[in-house]
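We count residues from 1, following the sequence as given. First listed ligand is number 1; within each ligand, the first listed atom is number 1.
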Amino acid sequence: MQIFTEAREMTAAVKKWRASGKTVGLVPTMGYFHQGHLSLMRRAREENDVVVVSLFVNPLQFGPREDLDIYPRDFQRDRQLAEEVGVDCIFFPSVEEMYPQPFLTKVVVGKITEVMCGKARPGHFEGVTTVVAKLFHIIPADRAYFGQKDAQQVRVIQKMVEDLNFDIDIRICPTVREEDGLAASSRNVYLSGEERERATLLYRSLERAQRVIERGERRAEAVEKSIREMLEGQPGIDLEYVAVYNNIDLEPVEILQGEVLIALAAWVGGTRLIDNVLIRIDDK
Ligand code: AMP
């Protein structure tokens with residue numbers, strides 16, 4: 001497995017692969033791999049001749065009081081895991097390589113970045129779209145793989161690709177969960193034993209919402225309430241938002257119809273976790 005730290009060399013390698021007729025799949029990550037990351041890499045492995053994983057903890061997408069400094073990192077471990085799933089190459093740039101100073105350009109997607117996580121984390125999605133746009137230029141792949149775990153990120157990147165005519169196919173992979181339902185996340189390592197137990201309530205509340213819908217409930221307000229009832233007032237859990245939104249333009253729905261995103265963010269102790277389910281309702 002090859003490691004590239006310089007953008008110019010990375011781009012040259014990708015251009016060479018593509019010129020020789022090979023397809024290239026890109027998996028952008030911030031590292032500290034878990035089963036979620038590995039599922040994206042496996043899917044990319046199945047669908048491409050060459051798999052490139054980018055590993056970059058992007059300072060631009062962290063707020064000033066967020067966890068950039070303590071974000072878990074272990075390159076040797078990641079390298080081994082990537083190798084085991086058959087990744088061909090890792091792009092592992094430094095911050096200086098990605099953001100030579102002065103760095104003056106930003107990619108901004110409007111409106112759909114102003115709700116949900118975007119509201120609580122101002123500037124976060126600008127950081128995401130700026131780095132992903134750069135990665136798409138540095139690694140001109142055929143396909144790029146993202147996880148549904150970060151549902152809003154998926155929509156924001158799809159919109160950027162559409163609006164700016166990026167010539168890349170975005171593939172979305174389902175959320176990978178621990179046995180008890182907790183969505184796999186690099187941030188789960190922050191949780192103490194007790195917090196880890198509590199964190200299972202997040203997905204359980206989404207399962208409850210799904211059951212309510214299966215029983216025929218179509219009012220978004222009632223679905224949201226079924227989640228709030230389970231999480232609000234729980235010791236050690238601070239619910240930040242619950243969204244019952246259409247999955248196209250991330251606007252609230254009143255009556256569930258079509259593709260509906262049910263998403264939440266909550267603080268479990270000092271750790272902010274997100275989760276979501278996507279449901280399809282085709283009432284006539
Ligand atoms: P991150 O390293 O957290 O930026 O994540 C890199 C990619 O992995 C993103 O596309 C995430 O959506 C995806 N990802 C993270 N956690 C999961 C998960 N539990 N299941 C599926 N994909 C995930």
Side-chain angles (χ1 to χ4, degrees), residues 25-47 51-63 66-68 70-75 77-79 81-82 85 87 90-93 95 98 116-118 121 124-136 139 141 143-161 168-191 196 199-200 202-203 206 247 261 263-265 268 271-278:
L26 166 65
V27 182
T29 81
M30 298 206 298
Y32 212 69
F33 297 152
H34 51 65
Q35 287 303 324
H37 296 115
L38 300 181
S39 75
L40 269 54
M41 294 176 206
R42 287 195 189 97
R43 169 103 182 263
R45 180 68 289 161
E46 283 167 18
E47 298 178 352
V51 177
V52 181
V53 169
S54 65
L55 197 173
F56 180 60
V57 182
N58 175 32
L60 226 56
Q61 70 188 70
F62 287 79
E66 293 185 357
D67 56 342
L68 173 64
I70 57 162
Y71 196 83
R73 293 163 169 90
D74 188 341
F75 182 70
R77 174 178 169 275
D78 285 350
R79 180 188 188 144
L81 288 169
V85 295
V87 167
I90 298 184
F91 178 53
F92 182 52
V95 173
M98 287 298 272
M116 300 166 62
C117 292
R121 304 182 70 190
H124 167 68
F125 285 112
E126 280 178 29
V128 171
T129 42
T130 301
V131 82
V132 171
K134 281 179 67 83
L135 289 170
F136 286 176
I139 302 159
R143 307 181 183 94
Y145 295 80
F146 292 88
Q148 181 57 30
K149 151 95 191 325
D150 297 274
Q152 189 174 11
Q153 171 170 284
V154 163
R155 285 302 300 131
V156 169
I157 286 165
Q158 286 172 328
K159 197 74 191 91
M160 176 186 82
V161 164
I168 192 163
D169 182 10
I170 303 298
R171 304 240 159 142
I172 308 309
C173 305
T175 302
V176 173
R177 301 180 177 282
E178 305 290 345
E179 257 173 39
D180 58 10
L182 178 69
S185 166
S186 304
R187 289 191 166 97
N188 290 349
V189 296
Y190 297 151
L191 301 168
R196 174 67 187 76
T200 61
L202 271 51
Y203 184 57
L206 293 171
N247 195 41
L261 175 67
L264 58 82
V268 180
T271 306
R272 185 177 179 278
L273 299 176
I274 57 172
D275 202 351
N276 71 86
V277 290
L278 202 52

Engineer: Distance to 0.1 Å, residue and atom name: give those for the protein heavy atom nearest to atom 12 (O) of ligand 1.
Structural biologist: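 Sorting protein heavy atoms by distance from atom 12 (O) of ligand 1 puts Asp150 OD2, 2.6 Å first.
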Engineer: With heavy atoms of Pro28 as the reference, note each atom of ligand 1 found under 4.0 Å away.
Structural biologist: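 Matching atoms, with element in brackets: 6 (C), 7 (C).
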Engineer: Under 4.0 Å from a heavy atom of Pro174: give me the atoms of ligand 1 that qualify, with their elements.
Structural biologist: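 So the answer, numbered in order with elements, is 20 (N), 21 (C).
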Engineer: Should one rank Cys173, Ala184, Ala183 by closest heavy-atom distance to atom 19 (N) of ligand 1, which comes out on top?
Structural biologist: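 The nearest heavy atom belongs to Ala184.
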Engineer: Which residue and atom name correspond to the protein heavy atom nearest atom 20 (N) of ligand 1, and how close is it?
Structural biologist: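 Protein heavy atom at minimum distance: Val176 N, 2.8 Å.
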Engineer: Just jot down the ligand 1 atoms closer than 4.0 angstrom to any heavy atom of Thr175, in number order.
Structural biologist: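 Checking each atom against Thr175, I get 20 (N), 21 (C).
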Engineer: Considering heavy atoms of the protein only, find what lies nearest to atom 1 (P) of ligand 1 and give residue, atom and distance to 0.1 Å.
Structural biologist: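 I find the closest protein heavy atom is His37 NE2, 3.6 Å.
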Engineer: Just which atoms of ligand 1 are under 4.0 Å from any heavy atom in Phe146?
Structural biologist: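 This gives 10 (O) as the contact atoms.
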Engineer: Which atom names give the shortest non-hydrogen contact between Cys173 and Tyr145, and what distance separates them?
Structural biologist: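 Closest approach of Cys173 to Tyr145, heavy atoms only: SG-CD2, 4.2 Å.
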Engineer: Please check whether Leu40 reaches ligand 1 - meaning an N/O of the residue sits under 3.5 Å from an N/O of the ligand, judged on distance alone.
Structural biologist: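 No.
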Engineer: Considering heavy atoms of the protein only, find what lies nearest to atom 22 (N) of ligand 1 and give residue, atom and distance to 0.1 Å.
Structural biologist: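 Going atom by atom, the protein heavy atom closest to atom 22 (N) of ligand 1 ends up being Gly147 CA, 3.5 Å.
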Engineer: Quick one: does ligand 1 sit under 4.0 Å from the side chain of Met30, the backbone, both or neither, non-hydrogen atoms only?
Structural biologist: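 Both parts.
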Engineer: Which atom names give the shortest non-hydrogen contact between Tyr32 and Asp78, and what distance separates them?
Structural biologist: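 Heavy atoms only, the tightest pair is N-OD2, 2.7 Å.
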Engineer: Checking the side chain of Gln152 only, and the main-chain atoms of Cys117 only, is there a donor and an acceptor separated by less than 3.5 Å?
Structural biologist: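 Yes.
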Engineer: Contact between Gln148 and ligand 1, counting heavy atoms under 4.0 Å?
Structural biologist: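 In this structure, Gln148 fails to qualify as a contact of ligand 1 - no heavy atom is under 4.0 Å.
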Engineer: Can you sort out which atoms of ligand 1 are near Thr29, meaning under 4.0 Å from one of its heavy atoms?
Structural biologist: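 Counting atoms of ligand 1 from 1, those under 4.0 Å from Thr29 are 2 (O), 6 (C).
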Engineer: Would you call Glu47 and Arg143 a salt bridge, taking side-chain N to carboxylate O under 4.0 Å as the test?
Structural biologist: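 No, Glu47 and Arg143 are not salt-bridged.
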Engineer: Taking only Lys NZ, Arg NE, NH1 and NH2, and the carboxylate oxygens of Asp or Glu, determine whether Asp275 and Arg177 approach each other closer than 4.0 Å.
Structural biologist: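 Yes, this pair counts.
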Engineer: Specify the protein heavy atom at minimum distance from atom 15 (C) of ligand 1: its residue, its atom name, and the distance to 0.1 Å.
Structural biologist: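 Nearest protein contact, heavy atoms only, for atom 15 (C) of ligand 1 is His34 CE1, 3.8 Å.
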Engineer: Report the residues that fulfil side-chain hydrogen bond (donor to acceptor under 3.5 Å, both in side chains) with Arg77, sequence neighbours left out, ordered by chain and then residue number.
Structural biologist: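 Result, side-chain hydrogen bond (donor to acceptor under 3.5 Å, both in side chains) vs Arg77: none returned.
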Engineer: Is it the case that Gln158 and Arg155 place a side-chain donor and acceptor less than 3.5 Å from each other?
Structural biologist: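 The answer is yes; a qualifying pair exists.
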Engineer: If you measure from each non-hydrogen atom of Arg177 to ligand 1, which part falls under 4.0 Å: side chain, backbone, both or neither?
Structural biologist: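 Neither; no heavy atom under 4.0 Å.
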Engineer: Quick one: does ligand 1 sit under 4.0 Å from the side chain of Val27, the backbone, both or neither, non-hydrogen atoms only?
Structural biologist: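 For Val27, there is no contact with ligand 1 at all, from either part.
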Engineer: Just jot down the side-chain hydrogen bond (donor to acceptor under 3.5 Å, both in side chains) partners of Asp150, sequence neighbours excluded, or say none.
Structural biologist: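 Not a single residue meets the side-chain hydrogen bond (donor to acceptor under 3.5 Å, both in side chains) criterion with Asp150.
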Engineer: Under 4.5 Å between any side-chain heavy atoms of Leu273 and Leu191, yes or no?
Structural biologist: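 The answer is yes; the side chains approach within 4.5 Å.
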Engineer: Whether the side chain of Asn276 engages the backbone of Lys149 through a donor-acceptor N/O pair (distance < 3.5 Å, no angle test) should be reported.
Structural biologist: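 Yes.
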